[in-house]
Amino acid sequence: MTEPPTGHGVTASPLRRVTEAHRVQSSAGTGTQGLADRATPPFSVVLGTDYAGKSAALKELAGRAGGVRIVSADEELLDPGHSLIARLRRGLVGDVMPALHHDYSADFMLTMLQTAVLHLRDSIMRSPAGAPVLVDSYYYKMLAKCRLTGLDEHPLFDWWRSFPRPQQVIFLEVSAETAWRRCGEGRDLNPLEHYGQHGDRASFESFQADLNEALREEVRSLPVSFIGEQDQVSTVEQKIQEVLGVHELV
């Protein structure tokens with residue numbers, strides 16, 4: 001049985017190999033059958049550094065009737081019944097991160113991120129059989145960003161790593177120049193996208209370079225397909241569908 005960790009000690013390096021887990025143990029119920037009684041549906045993960053075009057591509061995919069099921073904590077991709085996740089995310093970015101290590105501890109930040117991680121896991125488990133399931137970043141990006149903000153090791157990371165593994169990762173690449181342009185040359189940045197108090201180009205590019213490395217380390221034991229930077233969202237969407245078609249399980 002996989003249980004949330006207790007205590008405050010560090011139990012393992014954050015770079016250890018992901019543990020295999022085919023069933024999620026959860027007390028949450030769905031009708032008469034709890035999530036713990038369900039086999040994990042096959043799923044894939046779309047990953048990338050900030051402003052790689054992931055959200056835009058997922059919105060395109062979500063708009064196609066009868067296509068891929070998208071699992072995300074992004075406000076525009078959430079089901080109406082999960083608006084709490086969006087409110088918590090706004091509180092994290094707007095209130096917690098600007099005052100991190102002053103008014104709020106790193107553990108508090110991680111507790112808020114945990115709600116999004118569990119939302120993603122539970123949504124995977126609720127997915128109907130048949131349609132391909134595509135997950136927005138899973139826990140990988142949140143874990144990597146925690147490490148970059150100074151929380152390099154934590155017992156919760158080991159719990160996250162015990163969650164079901166995707167069958168593959170689709171990694172979207174983007175140049176530093178394009179990412180800087182897409183964030184409005186710093187105008188649209190939030191505190192989880194750069195180092196320091198002010199998001200200038202140097203702090204943004206340094207953070208994104210480290211994020212890229214941390215993400216690749218986290219998924220190094222999984223099959224990863226890389227999609228290079230594209231000018232059109234529709235091209236990214238098409239390439240994602242091609243990868244899903246190649247790896248889709250019957």
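- Val174 has its side chain within reach of Arg182: a pair of non-hydrogen atoms, C-beta onward, lies under 4.5 Å apart.
- The two residues Val71 and Ser127 have their closest heavy-atom pair at CG2-OG, 4.3 Å.
- Judged by distance alone, the side chains of Asp210 and Tyr195 do bring a donor and an acceptor atom under 3.5 Å apart.
- Contact between Ala179 and Asp50 at its shortest, heavy atoms only, is CB-O, 4.0 Å.
- In the model, Asp107 has a side-chain atom that pairs as donor or acceptor with a side-chain atom of His154 under 3.5 Å.
- Nearest heavy-atom pair across Pro166 and Val169 is CG-CG2, 4.4 Å.
- Under the 4.5 Å side-chain criterion, counting only non-hydrogen atoms from C-beta, Ser123 is in contact with Arg69.
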_side chain to side chain contact (heavy atoms under 4.5 Å, CB included) between Phe108 and Val96, intermediate numbers included_ = CA-CA 8 Å; Phe108 190 94; Val96 176; 3.9 Å; yes
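- The shortest distance between side-chain heavy atoms of Leu92 and Leu192 falls below 4.5 Å.
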*Verify side chain to side chain contact (heavy atoms under 4.5 Å, CB included) between Arg201 and His194, making sure each step is shown before the conclusion.*
CA-CA 9 Å; Arg201 183 164 183 171; His194 61 84; over 6 Å; no
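- Evaluation of the ring-ring contact (aromatic ring centres under 6.0 Å, His included) rule for Tyr138 yields Phe43, Tyr140 as partners, not counting sequence neighbours.
- Within the 4.5 Å cutoff, the side chain of Gln238 has no heavy atoms near those of the Gln230 side chain.
- Residues satisfying the side chain to side chain donor-acceptor pair (under 3.5 Å) criterion with Asn190, sequence neighbours excluded, are Glu193.
- Within the 4.5 Å cutoff, the side chain of Thr235 has no heavy atoms near those of the Asp231 side chain.
- Under the 4.5 Å side-chain criterion, counting only non-hydrogen atoms from C-beta, Asp74 is in contact with Arg89.
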*Give the C-alpha distance, both sets of side-chain angles, the deciding distance and a yes or no for side chain to side chain contact (heavy atoms under 4.5 Å, CB included) between Lys239 and Ser225.*
CA-CA 10 Å; Lys239 289 182 176 295; Ser225 298; over 6 Å; no
*side chain to side chain contact (heavy atoms under 4.5 Å, CB included) between Tyr51 and Arg181: does it pass, once the steps are laid out?*
CA-CA 9 Å; Tyr51 304 97; Arg181 185 178 71 252; over 6 Å; no
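- For the pair Arg121 and Phe163, the cation-pi test (distance below 6.0 Å, angle within 45°) is passed.
- Between Glu229 and Glu177, every side-chain heavy-atom pair lies at or beyond the 4.5 Å cut-off.
- Between Val243 and Phe226, the closest side-chain pair of non-hydrogen atoms is not below 4.5 Å.
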